[in-house]
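See below for the structure under consideration.
Since the model is a prediction, treat every value here as computed from it, not as a measurement. Each chain gets a letter, A, B and so on, in the order the sequences are listed, and its residues count up from 1.
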There are 2 protein chains.
Amino acid sequence: MGATKTDSFSDRQNELAILAKALGHPARIAIIEFLLKVETCICGDIVNELPLAQPTVSQHLKELKNAGLIKGNFEGTSICYCINEPGFEKIKDFFQDVINHLEKKKNECC
Amino acid sequence: MGATKTDSFSDRQNELAILAKALGHPARIAIIEFLLKVETCICGDIVNELPLAQPTVSQHLKELKNAGLIKGNFEGTSICYCINEPGFEKIKDFFQDVINHLEKKKNECC
DNA sequence: AATATTAATCGTAATATTGCAATATATAAA
DNA sequence: TTTATATATTGCAATATTACGATTAATATT
């Protein structure tokens with residue numbers, strides 16, 4: 001026990017969970033907010049902005065990348081990370097769906 | 001080490017991370033989808049729907065409740081769980097903001 | 001009060017995540 | 001090719017999460 005029973009859920013459920021999980025850490029929220037706020041997207045600048053060591057930031061960037069929420073490209077000697085819009089669209093749509101269903105349904109029985 | 005450095009991040013960043021993290025498990029996505037799909041919202045029905053034991057489901061429900069994504073009320077002998085709209089609004093707004101910023105900025109340098 | 005039913009909590013084992021120092025890799029410049 | 005700079009990977013310790021059997025708590029019915 002201890003491992004998530006991934007096989008017992010649908011691909012869609014697992015995919016949404018992976019996207020949400022990737023944003024389930026304040027450092028990773030901070031990275032996204034930084035990428036939105038600032039012109040640059042150089043990895044080093046992200047490391048400087050966050051109160052975490054370079055390997056830790058690198059790990060968080062990797063998780064965001066694996067989830068499909070950011071992408072990275074070489075920019076000379078450093079790497080430029082950008083938000084990957086399709087990933088955000090996917091999870092935003094889920095939340096939008098929830099809201100839409102709620103308005104249609106008004107199933108607030110509690 | 002091993003513990004998230006919560007103190008190093010803003011309240012907003014931590015709050016968004018808590019909301020996202022709560023949905024970062026396929027069982028909890030499944031619970032939300034079930035609550036949207038179905039008329040009933042009785043805890044026992046959720047337990048029957050999910051491929052997990054009752055204590056495990058109860059734990060997942062607790063996490064969703066703590067994050068402010070669902071709420072529960074006694075309905076006779078059982079408990080009725082419903083989606084808590086304000087929680088979903090909050091995290092949907094975050095994603096909507098990201099999308100809006102992206103359209104304004106077109107900072108796709110990668 | 002005794003019983004049945006429903007859901008929460010406890011205890012615990014298995015696994016995953018977080019964070020960082022040390023090290024490795026990769027690219028650019030000299 | 002050496003050196004400098006930027007980022008990734010490794011290894012590991014601390015902590016958190018996931019899952020479930022056993023038990024408890026709480027309410028409803030008899």
[X] side chain: which of [options] is closest?
X	options	result
B/Thr4	D/dA19, D/dA8, C/dG19	C/dG19
B/Ala3	D/dA16, D/dT18, C/dT9	D/dA16
A/Phe74	C/dT27, C/dT6, C/dT15	C/dT27
A/Thr77	C/dA8, D/dT5, D/dT15	D/dT5

Quick one: [X] [atom1] to [N] [atom2], roughly how many Å, whole number?
X	N	atom1	atom2	answer
B/Lys5	D/dA16	NZ	C1'	17 Å
A/His25	C/dA16	NE2	P	18 Å
B/Gln59	D/dC20	CD	P	10 Å
A/His60	C/dA16	NE2	C1'	14 Å
A/Ile42	D/dA6	CD1	P	10 Å
A/Leu61	C/dT17	CG	P	17 Å
A/Asn48	D/dT5	CG	C1'	13 Å
A/Ile70	D/dA8	CD1	C1'	14 Å

Can you see if the side chain of [X] gets near the phosphate of [N] - specifically, an N or O under 4.0 Å from OP1 or OP2?
X	N	result
A/Tyr81	D/dA6	no
A/Thr56	C/dC20	yes
B/Lys62	C/dT9	yes
B/Lys21	D/dT17	yes

For B/Pro51 and A/Ile79, find the nucleotide of DNA chain D closest to each by heavy atoms; which residue's nucleotide sits nearer the 5' end? A/Ile79
Quick check: on DNA chain D, is the nucleotide nearest B/Gly76 upstream (toward 5') of the one nearest A/Phe9, or the reverse? Name the residue that is more 5'. A/Phe9
Look at the rings of A/His25 and B/Phe9 and say which category their plane angle falls in: under 30° parallel, 30 to 60° tilted, over 60° perpendicular. perpendicular
Do A/Glu33 and B/Arg12 meet the salt-bridge criterion of a basic N to acidic O distance under 4.0 Å? yes
Salt-bridge test for B/Lys21 and B/Glu63: reply yes if a basic N is under 4.0 Å from a carboxylate O, no otherwise. no
Classify B/Ser58 by what it touches in the nucleic acid, base, sugar-phosphate, or nothing, heavy-atom distance under 4.0 Å. base
When all nucleic acid strands are considered with a 4.0 Å heavy-atom cut-off, which category describes B/Ser78: base, sugar-phosphate, or nothing? sugar-phosphate
For B/Asp11, does the CG atom have more than 12 heavy-atom neighbours from other residues, nucleotides or ligands under 6.0 Å away? no
If you look at every heavy atom in B/Ile83 and B/Lys71, which pair is closest and at what distance? O-CE, 3.9 Å
Tell which nucleotide pairs with D/dT30, taking only Watson-Crick or G-U wobble pairs whose two distances are both under 3.5 angstrom. C/dA1
Counting only distance, no hydrogens or angles, is the base of C/dA8 paired donor-acceptor with the side chain of B/Gln54 under 3.5 Å? yes
Could you tell me the separation between the OG1 atom of A/Thr56 and the CG atom of A/Leu50, rounded to the nearest 0.5 Å? 10.0 Å
